[in-house]
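Letters go in sequence order (proteins before strands), and every chain restarts at 1.
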Number of protein chains: 2
Amino acid sequence: MPLPKLKEIEGSAELEQMIEKAREASDMLKALSHESRLLLLCILAEGEKSVTELEQFLGERQSTVSQQLARLRLDRLVTTRRDGKTIYYSLANEDVRKILTAIYDVFCEPVRRRRR
Amino acid sequence: MPLPKLKEIEGSAELEQMIEKAREASDMLKALSHESRLLLLCILAEGEKSVTELEQFLGERQSTVSQQLARLRLDRLVTTRRDGKTIYYSLANEDVRKILTAIYDVFCEPVRRRRR
DNA sequence: ATTACATATACGAATTTAATGATATAAACC
DNA sequence: GGTTTATATCATTAAATTCGTATATGTAAT
């Protein structure tokens with residue numbers, strides 16, 4: 001889907017598709033656009049973690065973290081694996097990692113490089 | 001800011017900074033995570049557009065679009081230029097474009113390449 | 001089978017966000 | 001000055017999100 005020119009697009013089937021894609025993307029972004037959930041994903045980018053580890057990291061209540069994780073699961077940003085009583089979370093796919101990397105480059109890299 | 005290991009980070013100044021960055025990023029993502037606003041930004045990625053053009057494209061009410069644009073202005077994702085009665089909007093900086101490009105790659109490119 | 005531990009879910013209250021209709025500002029034109 | 005055009009803001013309401021408390025589920029250990 002190339003970014004089409006305004007003139008070409010109005011009322012076209014491409015517009016419909018573009019709107020559909022925007023809806024999908026905004027759904028994913030809604031899941032991302034929350035301070036704690038974004039932090040959770042950043043930590044998971046490092047590798048899989050248990051819920052307890054994530055709770056300790058965020059310093060938030062168990063039910064709060066669990067609900068945030070549930071949201072990330074529903075929007076398919078993370079997947080889980082059970083080992084005994086413990087459930088390990090990790091990023092669901094490379095798409096999530098791509099978006100996170102872009103966010104990371106914009107918001108975090110400048111710090112490291114002493115720019116900004 | 002490298003993604004630090006969990007062990008290294010707890011209670012550290014880096015954690016504080018990481019949280020601050022997450023807050024900044026999630027603020028920007030909140031502005032992005034709205035179907036119409038995302039579409040507006042995609043259109044603006046093509047080049048500057050007047051409010052009227054944007055309204056026509058989205059097919060939404062004038063006040064609705066204007067408020068969405070106001071939100072994007074407040075979060076510094078777009079800038080404006082006045083020419084007579086007309087106000088032209090465009091993307092505010094390369095950071096916005098980077099994030100948009102990543103979203104575009106994930107959600108729109110697969111269509112073009114006949115994948116997915 | 002009871003208990004403890006790790007995690008998930010249900011429900012309600014408080015807050016935030018979005019859309020609408022109405023009104024305001026600012027420039028251009030007569 | 002009065003009107004039209006382009007855009008912005010305000011106020012209200014409706015809807016969605018978030019977080020807290022409480023409770024439930026699943027696994028393991030005793």
Side-chain angles (χ1 to χ4, degrees), chain A residues 6 19 22-41 43-44 47-92, chain B residues 6 19 22-41 43-44 47-92:
Chain A
L6 260 190
I19 289 173
R23 208 182 48 68
E24 282 177 34
S26 64
D27 282 347
M28 180 191 191
L29 292 168
K30 274 174 195 153
L32 278 170
S33 63
H34 181 281
E35 184 182 319
S36 301
R37 287 196 297 260
L38 189 53
L39 279 170
L40 285 172
L41 292 168
I43 298 307
L44 292 179
E48 70 171 11
K49 299 280 180 292
S50 71
V51 178
T52 302
E53 286 176 304
L54 295 171
E55 278 168 32
Q56 288 169 356
F57 181 78
L58 288 187
E60 278 171 9
R61 289 165 197 274
Q62 184 268 319
S63 73
T64 301
V65 174
S66 194
Q67 278 183 115
Q68 288 162 350
L69 290 170
R71 170 66 189 273
L72 294 174
R73 254 185 289 128
L74 277 175
D75 283 308
R76 306 188 188 287
L77 302 186
V78 296
T79 50
T80 58
R81 168 179 82 83
R82 176 186 278 273
D83 179 12
K85 302 179 222 173
T86 305
I87 293 189
Y88 291 96
Y89 278 76
S90 47
L91 298 190
Chain B
L6 260 190
I19 289 173
R23 208 183 47 70
E24 281 177 34
S26 65
D27 283 346
M28 180 193 194
L29 292 169
K30 273 173 194 153
L32 279 169
S33 63
H34 180 281
E35 183 182 320
S36 301
R37 288 195 299 259
L38 189 53
L39 279 169
L40 285 172
L41 291 169
I43 298 307
L44 292 179
E48 69 171 12
K49 300 279 179 294
S50 72
V51 178
T52 302
E53 286 175 304
L54 295 171
E55 278 169 31
Q56 288 167 356
F57 181 79
L58 287 187
E60 278 171 9
R61 288 164 197 276
Q62 184 268 322
S63 72
T64 300
V65 174
S66 194
Q67 280 186 115
Q68 288 163 350
L69 290 170
R71 169 66 188 273
L72 293 174
R73 253 186 291 127
L74 277 175
D75 283 310
R76 307 188 185 288
L77 301 187
V78 297
T79 50
T80 59
R81 170 179 80 84
R82 175 185 279 273
D83 178 13
K85 303 179 224 172
T86 305
I87 294 189
Y88 291 96
Y89 278 76
S90 47
L91 297 190

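The separation between B:Leu69 atom CG and D:dT9 atom P is 11 Å, rounded to whole Å. In this structure, A:Asp83 atom CG and C:dC5 atom P are separated by 18 Å, rounded to whole Å. The separation between A:Leu40 atom CG and C:dT7 atom P is 13 Å, rounded to whole Å. Between the CG atom of B:Leu72 and the C1' atom of D:dA8 there is a distance of 15 Å, rounded to whole Å. Regarding A:Asp75, its CG atom lies at a distance of 10 Å from the P atom of D:dT17, rounded to whole Å. One can place CD of B:Glu55 at 14 Å from P of C:dA19, the figure rounded to the nearest angstrom. Distance CD1 (A:Ile87) to P (C:dC5): 18 Å, rounded to an integer number of Å. Rounded to whole Å, the distance from OH on A:Tyr88 to P on C:dT7 is 8 Å.
When all heavy atoms are compared, the tightest approach of B:Arg73 to B:Val78 is N-CG2, 3.7 Å.
In terms of position along DNA chain C, the nucleotide closest to A:Lys85 lies nearer the 5' end than the nucleotide closest to the other residue of the pair A:Ser63 and A:Lys85.
Ranking D:dT9, D:dG20, C:dA6 by closeness to the B:Gln67 side chain, first place goes to D:dT9. Listed candidates were D:dT18, C:dA6, D:dA8. Nearest to the side chain of A:Arg71 is D:dT18. In the set C:dT7, C:dA8, C:dT17, the nucleotide with an atom closest to the side chain of A:Ser50 is C:dT7. Nearest nucleotide to the side chain of A:Thr86, out of C:dT7, D:dA8, D:dA6: C:dT7.
Using a 4.5 Å heavy-atom threshold, the side chains of A:Arg71 and A:Lys30 count as touching.
Within 4.0 Å (heavy atoms only), A:Ser66 reaches at least one base atom of the nucleic acid.
Proximity of B:Arg61 to the phosphate of C:dA19: no side-chain N or O atom is located under 4.0 Å from OP1 or OP2. For B:His34 and C:dA19, the shortest distance from a side-chain N or O to OP1 or OP2 is below 4.0 Å. Regarding contacts with the backbone of C:dA18, a side-chain N or O of B:Arg37 is found under 4.0 angstrom from either OP1 or OP2. B:Arg82 has no side-chain polar atom (N or O) that falls below the 4.0 Å cut-off from OP1 or OP2 of D:dA6. The side chain of B:Tyr89 contributes no N or O atom lying less than 4.0 Å from OP1 or OP2 of D:dA6. Taking only side-chain nitrogens and oxygens, B:Thr64 comes nearer than 4.0 Å to OP1 or OP2 of C:dT20. The side chain of B:Gln68 places no N or O atom within less than 4.0 Å of a non-bridging phosphate oxygen (OP1 or OP2) of C:dT17.
Note that OG1 of A:Thr79 and OH of A:Tyr88 are 14.5 Å apart. Values are rounded to the nearest 0.5 Å. A distance of 15.0 Å separates CD of B:Glu55 from NZ of B:Lys49, quoted to the nearest 0.5 Å. Rounded to the nearest 0.5 angstrom, A:Ser26 OG and B:His34 NE2 are separated by 8.0 Å.
A donor-acceptor contact under 3.5 Å is formed by the side chain of A:Gln62 with the base of C:dA8.
Within 6.0 Å of the CZ atom in B:Arg81, the count of heavy atoms belonging to other residues, nucleotides or ligands exceeds 12.
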